[in-house]
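Quick notes on the structure that follows.
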Protein chains: 2
Amino acid sequence: MITHHHNQIRALIERLARLSESEDWAGELNPAQMAALSYLSNANRFSRAPSHVAAFSGSTRGTVSQTLRALERKGLVTEARSQNDRRSISYSVTAEGRDLAMSGKALDKAIASLPPDRVQALEQGLGDVLRTLLAVQGGRSFGLCRLCRHHERRGSAGYCHLLKVDLEPAETDQICHEQEPA
Amino acid sequence: MITHHHNQIRALIERLARLSESEDWAGELNPAQMAALSYLSNANRFSRAPSHVAAFSGSTRGTVSQTLRALERKGLVTEARSQNDRRSISYSVTAEGRDLAMSGKALDKAIASLPPDRVQALEQGLGDVLRTLLAVQGGRSFGLCRLCRHHERRGSAGYCHLLKVDLEPAETDQICHEQEPA
DNA sequence: TCCATTAGTAGCGAGTCGAAACTATTGCAA
DNA sequence: TTGCAATAGTTTCGACTCGCTACTAATGGA
């Protein structure tokens, strides 16, 4: 049974996202571009292809392809074709791109002004909702590498048993498109 | 200080909204149209003008003007010019529009599958975030009529001390653009 | 080797979006 | 009363999203 409380919460989530997106950096970037840039700046080197961005944002490869070209024209990302599989492309975020992605958003400040237990509860609740939604829609989780069932911690670094590669310390804190919660 | 937890939560909110928007009814309506339709179907008769939709969604009057005309072409809303102020227009949602707006969203179902205390915590946390964000950005709250400081309960009906009008029972549960939390 | 699959791109049409210019109406103040 | 300034909404413009349907190129399995 869906009560008006559940509607209310969806409305809140959608409105917050909309307000956050209609912020300052609008004019510079539009929501889709910012979402892609933000994803790319947190994704590991195995997860920066157009199809990954598309899967993450629930969009299509075609749409994302154009979004990424817009970002490239603006000098915020650079394209690099893969050696192994010459079909695939990996995008990297430039220094300017990273600055823009990391620039403080009003929504972050609003969240930061909450008491820690509220923040905790929010993270947990939203995480649960996301997991349930993905289970229904059949999407990937795009969680952090180090929280993956294929991840093995090795000191400050790590190892991926799925891709069979060593991981730098920083990489274990990035988003991976193959991630499956432990 | 903004920690990665706060970033995480913003990312969650934006991703949930994006996934929710890229749902089934896409093809029928796009996100902006659904957002406008959803707002209109919950707003009271004083709050259904283009400028109200614009303020609610953090958009502009110009953009919203086109969105509403698209909705009207699709037969989901109807326009009605006001007698008192002949500049202003109020849109009403048609029966089909209401059906579409009310149709079950996957995100609602995901939220409904949470334990009640989680739902409670989410509603509280997201509400706090929204209030803080609005305080910073200077937007209106667009809350429920009956939770307004100008509202006086009269049995199952009510009275608005700001607009000096009687309110039907159903109206006290709708969104008002003048709402200020009690 | 052949062909289905996968990764990405191109072009189309409807529509968003912000900005600026524009019309009509209203309200206030001299 | 006249005269503006403010307000409500629309229009137009250019850049872009978005889903779609083709399309190319590379890959990989039978």
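Every chain is numbered from 1 and lettered A, B, ... according to where its sequence line falls, protein lines coming before strand lines.
A heavy-atom distance below 4.5 Å is found between the side chains of Pro181(A) and Ser141(A).
A straight line from CG of Leu29(A) to C1' of dG18(C) spans 14 Å, rounded to a whole angstrom. Between Gln33(A) atom CD and dC17(C) atom C1' the separation is 12 Å, expressed in whole Å. Separating the CG atom of Leu71(B) from the C1' atom of dT16(C) is a distance of 13 Å, rounded to the nearest angstrom. When the P atom of dA7(C) is taken as reference, atom OH of Tyr91(A) falls 15 Å away, rounded to whole Å. The interatomic distance linking Gln66(A) (CD) with dA15(D) (P) rounds to 14 Å, in whole Å. Going from atom NZ of Lys74(B) over to atom P of dT16(C) covers 7 Å, rounded to whole Å. Summarising the geometry, the separation between CG on Leu37(A) and P on dC16(D) is reported as 15 Å, rounded to the nearest angstrom. Taking atom CG of Leu68(B) as the reference point, atom P of dT10(D) lies 8 Å away to the nearest angstrom.
Judged purely by distance below 3.5 Å, without hydrogens or angles, the side chains of Thr78(B) and Glu72(B) never pair a donor atom with an acceptor atom.
Residue Ala70(B) is out of contact with every strand shown, counting any heavy-atom pair closer than 4.0 Å. Within the 4.0 angstrom heavy-atom criterion, only backbone atoms of the sugar-phosphate kind lie near Arg73(A); the bases stay farther away. Contacts of Thr63(A) with the nucleic acid, taken as non-hydrogen atoms under 4.0 Å apart, include base atoms.
Candidate nucleotides dT17(D), dT16(C), dG8(C) were compared by shortest atom distance to the side chain of Asn30(B), and dT16(C) ranks first. When each of dT27(D), dT17(D), dG8(C) is scored by its nearest atom to the side-chain atoms of Arg86(A), the top-ranked nucleotide is dT27(D). The listed nucleotides are dT10(D), dT16(C), dT25(C); the one nearest the side chain of Thr67(B) is dT16(C).
Below the 3.5 angstrom threshold, one finds a donor paired with an acceptor across the side chain of Arg87(B) and the base of dT7(D). Judged by atom type and distance alone, Ser65(B) does not reach the base of dG9(D) through any side-chain donor-acceptor pair under 3.5 Å. Scanning atom types as modelled, one donor and one acceptor separated by under 3.5 angstrom connect the side chain of Arg61(A) and the base of dG8(C).
Position along DNA chain C of the nearest nucleotide to Gly62(A) versus Ser59(B) favours Gly62(A) as the more 5'-ward residue. Each of Arg69(A) and Arg18(A) was matched to the nucleotide of DNA chain C holding its nearest heavy atom; the match closer to the 5' end belongs to Arg69(A).
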>> For His161(A) and His150(A): C-alpha separation, side-chain torsions, deciding distance, then whether ring-ring contact (aromatic ring centres under 6.0 Å, His included) applies.
In response: CA-CA 5 Å; His161(A) 285 282; His150(A) 302 114; 8.4 Å; no
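Taking the ring centre of Tyr91(A) as origin, the terminal cationic atom of Arg48(A) falls outside the region bounded by 6.0 Å and 45° from the ring axis.
Residue Ser51(B) places at least one side-chain N or O under 4.0 Å from the OP1 or OP2 atom of dG9(D).
No salt bridge links Asp108(A) with Lys105(A); every basic N to acidic carboxylate O contact stays at or beyond 4.0 Å.
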